[in-house]
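All values below were derived from every heavy atom in this structure, side-chain atoms included, with hydrogens, water molecules and symmetry-related copies excluded. As the structure is a prediction and not an experimental result, all values here were calculated from the model. Counting convention: from 1, in listed order, for ligands and their atoms alike.
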Amino acid sequence: MTELQALAAEIAQCTKCLLHRGRTKAVPGEGLEDSEIMFIGEAPGFHEDQQGRPFVGAAGRFLEELLESIGLTRQDVYIANVIKCRPPGNRDPLPDEIEACKPFLDQQIDLIQPKVAVTLGRFSMARAFPKARISQIHGQPRKIGGIVYYPMYHPAAALHQPSLRRTIEEDMQRIPKLLKQAEQMTESELPAQAEQLRLF
Ligand code: URA
């Protein structure tokens, strides 16, 4: 068993927040364990909770299309979420749920060591870009602690707001170049809160 698989087994048993009571299955994440690129979504929805796999519903189909547009499949990347159990009715994750789940995402990032971590949506973005507005910073990479964080809108946003589709597609198109440049990029000047990320 790999360390990531052991971590997934631990996540499946987790009772650190109340979300475990309502879950069918926890959704630890899946994909290529030494991938250069990782996608970090928000939280499992209905289908993810049923299957125990990330991004298998409508947003997942769009994510797969986006990956395909840059010549990748799900198997080429690692996909995880900020929180690993479905919030009731797909409500936004609460601060204490995000906090309880944070060590799992920290460990996943630490084990995978991606060159680029693509954050999908607000909650995922907040990890590397606290207090930022996604409308202002999407598509703008920042290197923190050796990893290039690249904020994008959540693919589900395009399903609710079709005008965002093009923006998401365009941000995706910049990823191959970003992967090539990631190692040469210099570390960003950080707002104080993001400084904690360096400690990983
Ligand atoms: N939305 C997410 O943020 N994550 C999933 O796994 C599915 C939908």
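A side-chain contact (heavy atoms from CB on, under 4.5 Å) with Lys115 is found for one member of Gln181, Glu36, Met38 and no other, namely Glu36.
A donor-acceptor pair is defined here as one N or O able to donate and one able to accept, closer than 3.5 Å; such a pair exists between the side chain of Ser35 and the backbone of Asp76.
Residues in residues 16-26 take part in these side chain to side chain donor-acceptor pair (under 3.5 Å) pairs, two or more places apart or across chains: Thr24-Asp49.
Counting heavy atoms under 4.0 Å from ligand 1, residue Glu48 touches it through the side chain alone.
Taking every heavy atom of Pro54 and a limit of under 4.0 angstrom, the matching atoms of ligand 1 come to 6 (O). Each of the following atoms of ligand 1 lies closer than 4.0 Å to a heavy atom of Glu42: 2 (C), 3 (O).
The distance from atom OG of Ser124 to atom CE of Met152, rounded to the nearest 0.5 Å, is 11.0 Å. The line from CD of Glu42 to CZ of Phe55 is 8.5 Å long, rounded to the nearest 0.5 Å.
Heavy-atom separations between Arg53 and ligand 1 are all 4.0 Å or longer. Between Asn81 and ligand 1 there is a heavy-atom distance shorter than 4.0 Å.
Of the protein's non-hydrogen atoms, the one nearest atom 1 (N) of ligand 1 is His154 NE2, 3.3 Å.
The shortest N or O to N or O distance between Ala43 and ligand 1 is below 3.5 Å. By the 3.5 Å distance cut-off applied to N or O atoms, Gly41 is not counted among the residues near ligand 1.
Between Thr167 and His138 there is a side-chain heavy-atom pair separated by less than 4.5 Å.
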